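Notes to accompany the following structure.
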Amino acid sequence: MDPNDSAQTTGEATGTVVGRRKAARYIVPVAVAGVAAATIGLVPALANSGDPDLPKISAQELIEKIAASDEEQLSGTFKISTDLGLPLDGLAGSFAPGGKGGDKDGGAAAPQDKLMELTSGTHTLRVAADGPERQKLSILGDASEYSLIHNQGEVWAYDSTSDEVYHAEAPEGRDGGGHAEKATKAPEGAPATPKDFAEQALAAAGDTTSVTVDGTAQVAGRDAYQLLIKPKQSGSTIGSVRIAVDAENGVPLKFTLSAASGGKAVVDAGFTKVDFSRPAASTFSFTPPKGAKVTEADELETGKDERGAAQKALPGQLAELDGFEGLNVIGKGWTSIAEIKTPGGKGLPAAGSDEVPAEAQGFLDALGDKVTGKFGSGTVFKTRLVNALLTDDGSVYVGAVTKDALVRAADAAAK
């Protein structure tokens, strides 16, 4: 392959390569990585003082470099900006812990509640990692700090504003001493080397995606190559994915997801400062401050708070999706749409019905647009990235595609 040639692959295959790299578990704590994949704006990475002059590299070689990265220690400052186009201010008021729609399940320090804040606005974080057994993430406020710490067999979270602490055992996958268990052997036929990963990605159905090396940048004082991934198909809500990759060690330093509609990036997450030396052991030590309220994870009750009740009824028939038969995927690549038949063929309950709490109905109304077509009528729920059409007869069409694409898919299915 000519090093200057671009490479073609699907977004799905590229995501598989990047998702399976060793460093992915360590460079950013799982919560931040989750926001950046899904789901996690700054403008695409630019050099601070002129693009660095780096040796030419092909897309395949750069993917290999990412897959081969084995950095397990780092510390630094991370900035994440997210703009999904959701009315999250109103949603937070209704469903956030301590808000109108629920109580503080697990306390103000509970990670599942606090980390939801990263899905909107701009946040500055401090991150540190020392292999799979020790990670720390701190969300910095104007005069506050929230810290989530994993240290071998324990997970601690502390919210300085409320002076509350959350404590849990580390996730499964650890031995009795809290140490990471050895990885199981890769399945037969799975790619075993970085070159295998890259070649699989580049060989997989390559007519829907353009993957190129789009110049260089300087991120957090580090020279980086920019991997640019763009859909070739029209109708996708995704404009591009840009990943700045450390030229020396292959660690992704910055991730920018842009919408096809333009404007502010949907998700932009990247280091503003990074150090790849091992953090001090004290970084991951934590003792609850004197007088702080401590909530143990095994003391929590689930399914009894208002928010849990709302989730079960939002809407009632969608909670039964575990039992649906058949999932039809329409199209391919970036414009693929999932068609789901809800049990019983029910659509959304009527506004004001007992099936949906008032808070949930207000959220649905804020997101939904009424549409009609050969399929009948329905409601499209929109974000800047993923849209879903729920027809009145209970069919669901969802994908990272435009509203018009969803309507066309529903019309085609109605023939």
Side-chain angles (χ1 to χ4, degrees), residues 23-42 45 48 69 71-82 107-152 154-168 170-171 218-222 224 243-246 249 251-256 265 267-289 292:
R25 295 167 298 184
Y26 315 130
I27 58 169
V28 183
V30 172
V32 178
V35 172
T39 44
I40 266 183
L42 305 172
N48 294 328
S69 179
E71 293 288 340
E72 295 191 1
Q73 289 86 32
L74 66 80
S75 59
T77 305
F78 198 85
K79 190 172 184 178
I80 180 168
S81 295
T82 311
Q112 65 268 28
D113 296 328
K114 193 69 178 181
L115 296 177
M116 276 296 294
E117 295 179 8
L118 300 181
T119 61
S120 179
T122 298
H123 303 271
T124 299
L125 305 91
R126 277 201 304 264
V127 297
D130 183 9
E133 299 180 6
R134 299 177 182 84
Q135 301 94 31
K136 181 176 180 179
L137 177 152
S138 297
I139 304 173
L140 308 180
D142 292 337
S144 63
E145 181 173 323
Y146 173 84
S147 291
L148 178 60
I149 303 158
H150 168 220
N151 191 356
Q152 295 185 325
E154 294 184 292
V155 174
W156 293 96
Y158 176 61
D159 180 19
S160 68
T161 300
S162 62
D163 198 26
E164 293 191 29
V165 174
Y166 172 89
H167 178 238
Q218 195 173 75
V219 179
R222 306 275 301 185
I243 305 170
V245 182
D246 193 293
N249 57 31
V251 171
L253 299 173
K254 195 171 192 296
F255 173 97
T256 305
V267 176
D268 189 278
F271 286 100
T272 57
K273 183 183 300 183
V274 66
D275 181 353
F276 290 102
S277 59
R278 172 171 287 175
S282 58
T283 303
F284 309 102
S285 299
F286 179 79
T287 301

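This one's a predicted model, so the numbers in the text were calculated from it and none came from an experiment. We use all heavy atoms of the structure for the numbers below, so side chains are in, but hydrogens, waters and symmetry mates are not.
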Do T77 side-chain atoms and T124 backbone N/O form a donor-acceptor pair below 3.5 Å? no
Once rounded to the nearest 0.5 Å, what's the spacing between atom CD1 of I243 and atom CZ of F255? 6.0 Å
Please find the pair of heavy atoms, one from A244 and one from V219, that lie closest to each other, and give the distance. CB-CG2, 3.8 Å
Would the distance check show the side chain of D246 and the main-chain N or O of N249 forming a donor-acceptor pair, the cut-off being under 3.5 Å? yes
D130 side chain to Q73 main-chain N or O, any donor-acceptor pair under 3.5 Å? no
Walk me through it: do R222 and L253 pass the test side-chain contact (heavy atoms from CB on, under 4.5 Å)? CA-CA 9 Å; R222 306 275 301 185; L253 299 173; 3.7 Å; yes
Taking all heavy atoms of Y146 and all of A109, pick out the closest pair and write down the distance. OH-O, 2.7 Å
Work out which heavy atom in E164 is nearest to a heavy atom in Y158; give both atom names and the distance. O-CD1, 3.3 Å
Worked check of side-chain contact (heavy atoms from CB on, under 4.5 Å) between S120 and T82: CA-CA 5 Å; S120 179; T82 311; 5.8 Å; no
P132 backbone acceptor or donor facing Q135 side chain under 3.5 Å: yes
Considering only heavy atoms from C-beta outward, does the side chain of F271 approach that of V127 to under 4.5 Å? yes
Apply side-chain contact (heavy atoms from CB on, under 4.5 Å) to the pair I80 and T122, showing each step before the final yes or no. CA-CA 6 Å; I80 180 168; T122 298; over 6 Å; no
Salt-bridged, K79 to D268, with N to O below 4.0 Å? no
Non-neighbouring partners of T283 that pass side chain to side chain contact (heavy atoms under 4.5 Å, CB included), sequence neighbours left out: A128, K136, P279, A280
For H123 and L125, indicate whether the former's side chain and the latter's backbone hold a donor-acceptor pair under 3.5 Å. no
How long is the span from the CG atom in D159 to the OG atom in S147, to the nearest 0.5 Å? 9.5 Å
Using the rule given for side-chain contact (heavy atoms from CB on, under 4.5 Å), can you reason through I139 versus L118, listing the C-alpha separation, both sets of side-chain angles and the distance that settles it, and then say yes or no? CA-CA 9 Å; I139 304 173; L118 300 181; 4.1 Å; yes
Using a 4.5 Å cut-off on heavy atoms from C-beta on, say whether the side chain of F276 contacts that of S75. no
Just wondering, do H167 and E154 contact through their side chains at under 4.5 Å, heavy atoms? yes
For the student: nearest non-hydrogen atoms of V155 and L148, plus distance: CG1-CD1, 3.8 Å
With sequence neighbours excluded, give me every salt bridge (charged side-chain N to carboxylate O under 4.0 Å, His left out) pair touching residues 118-127. R126-E145
